[in-house]
Amino acid sequence: MRSMQVETIPVLLAAKIRSALDNETIPVHVVPSADRRFGDYQTTVAMQVAKQRGVNPRTLAQEITSRIDMAPMGPPPEIAGAGFINFRLDPHWLAARTAALAADARLGCPPILRRTLVVDFSSPNVAKSMHVGHIRSTILGDCICRIGRFLGHRVIADNHIGDWGTQFGILLVGWNTLLNREALAKEPIAELERLYKTVSAQCDPDKPGYDPGLRAQAKQELVKLQAGDSKNLASWREMIRLSQIQFDEVYARLGVRFDHMYGESFYNPALKGVVEDLLQKGVARESEGAVCVFSDHTVPEKDDPFLIQRDGQWVDVPAIVQKADGAANYMTTDLATLDYRLREFSPDDIVYVTDGRQQQHFRQLFAVFRRWRPEAAARVTLSHVWFGSILGEDNKPFKTRSGDTVKLADLLDEAVERAERLIAERNPELDPAERAATARIIGLGAVKYADLSPNRQGDYVFNWDKMLSFQGNTAPYLQYSYVRIQSIFRKSAEGGRPVAAPAADSPLTLTEEAEILLAKRLNQFGEILPQVIVDYKPNILATYLFDLAGCFHNFFESCPVLKSEEPIRSSRLALCHVTGRMLREGLAMLGIEVPERM
RNA sequence: GCGCCCGUAGCUCAGUCGGAUAGAGCAUCAGCCUUCUAAGCUGAGGGUCGCUGGUUCGAUUCCAGCCGGGCGCACCA
């Protein structure tokens, strides 16, 4: 399929305005009109410019519109209110554009400057089960990758697995003293979690069974591991191997793929050099036995990630790159990772998808990196794409290590089971094999959509019913819209008239209100998709698809397709075809599949 | 204390580079299946956009100050 390589409607209209203003650089925002009475698109640029120039906005709007030639897009623009300029689209022009859209591989997305994007997401920990806390990063990150790829960017998905750190001291003590081989063979992650839980409780001074000796032993095992002790190294590798099996299973179910899974340990050999280089360049210095990066006082105190006000005084909150015990921490690892990625991939953007509580960490990380490698930092945009917490019914965050978390695998099972029950109820004719396959698509889609449709920065309360609700603004609603379109094509084929994909030059005939509204909405896909990636906000795409589905249902209710006469019939089939494709591909960008029947 | 985020319909949430009469879903009520899948569609009711000021022709959106909630604040990630 070819690409039509055209600009979006707001871009075309903005160009006309700029040319009318004799100013090619002025920012002009053309947006879909809030109300249908005000046409299809509107701009407030006349009021803004009039303000700067101290002239009457309506007069200026008059001047602008008199110099705009709208043909063949639509009638001359209208002026309304205080100086709004409203544009209307000619249905014939819209019909031609929609026909081209139907045959466009990019669904109307404008050409882009290709960028290289590294996306760091999911980041599960070895020896722990993946739980609801991992779901947002995994699904959001995957979605960003998918949209980036669709737009034509080079995307590198990198899973920064937690395979190193102090928890392995505790795990090794458990491994050496409490390991049940049988349990490990049966349920490796559950057994590893049991080891961790048992030993860590005894290493916690605030807990009843506290054993200082065991705590020292854990530290000892960690030191041995870090020093390359072969026995500990072998145990550690076994833990990673067992964990990797779990990760692979979950990712396969979710349809998430990574280009790399370099764990934290991958960067171990580089850590010493990072610290030395920071010291040598004067970015870091020793403080209380640790190696730290302090504020360089180049930004106002309140914007300085290395300062905080306490009791009216600005005090240092340095970034620690080497602890007093000589060990590196996650700041060091992240710096080494950043350095590696820049050398290996030469990215234009690096995106970190984590929860919002790590905002300070990333502000410090980015600031340290800019001071450490200014020339490299100038070539890359670093973004922390953060999201809110998942809360329990009591409005308190899920605790990560206290056992009360819902396992991701269980969540997915439950979603699929619920979907299967619902399908059996609604559509008993589906044979069991198709029902199972459809249940998987619907159940997983519901879970993903529940995470992608709200604003990522908000917290949300975990709730089975809400997450798996199949009514209203949900994935099943969108999938259902697609299914109904496919049903039309099936019916047509059964009647001996299979429907071919519409050609770019096959004319559409748009007469009914619902057809025109649907066509307008279809043409907005190319406007919203770039917005989604600019702010990394998949909910914009989700909202668009929901809205599109609404327009389709509206059209579907009021405009018979197969029973209408030519040329209306072909025209409506083309509308169905492009809507179906947009729903399928739009949902695919959210990581959601579509069934043919449900 | 300081920083970040949040506060929009009974509930869950969209919407802000300032724009016209603030939108959905759920729930409630009233309609629509002999007709392309009713997981749908149409309509109704429901709002001091936390409060108070400021900037502006125009503020849910920007600024300041409050109120309420969440998170974070040297060697965990």
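All chains are named by letter (A, B, ...) in the order of the sequence lines, taking the proteins before the strands, and each is independently numbered beginning at 1.
Of the side-chain N and O atoms in A/Lys51, none sit less than 4.0 angstrom from OP1 or OP2 of B/G58. In this model, the phosphate group of B/A20 is not approached by any side-chain N or O of A/Arg36 to a distance below 4.0 Å at OP1 or OP2. Residue A/Arg357 has no polar side-chain atom (N or O) positioned under 4.0 Å from OP1 or OP2 of B/C71. Listed pair A/Asn455 / B/C5 fails the phosphate criterion, with no side-chain N or O lying under 4.0 Å from OP1 or OP2.
Here A/Tyr480 does not count as stacked on B/G40, because the ring centres are not under 5.5 angstrom apart with planes under 30°. In this pair, A/Phe84 lays its aromatic ring flat on the base of B/A20, centres within 5.5 Å and planes under 30 degrees apart.
Other residues, nucleotides and ligands contribute more than 12 heavy atoms inside 6.0 Å of the CD atom of A/Glu566.
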For nucleotides 22-27 of chain B, print each protein N/O atom paired with a nucleotide N/O atom at under 3.5 Å, atom names and distance only.
none

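Outside the 6.0 Å centre-distance limit, the rings of A/Phe121 and A/His134 are not counted as a close aromatic pair. A/Phe84 and A/Phe38 have their aromatic ring centers separated by at least 6.0 angstrom.
Remark: the backbone N or O of A/Leu587 is not paired with any side-chain donor or acceptor of A/Tyr482 at under 3.5 angstrom.
Nucleic acid contact class of A/Gln358 (heavy atoms, under 4.0 Å, all strands): base.
Across all strands shown, B/G53 forms a Watson-Crick or G-U wobble pair with B/C63, both key distances being under 3.5 Å.
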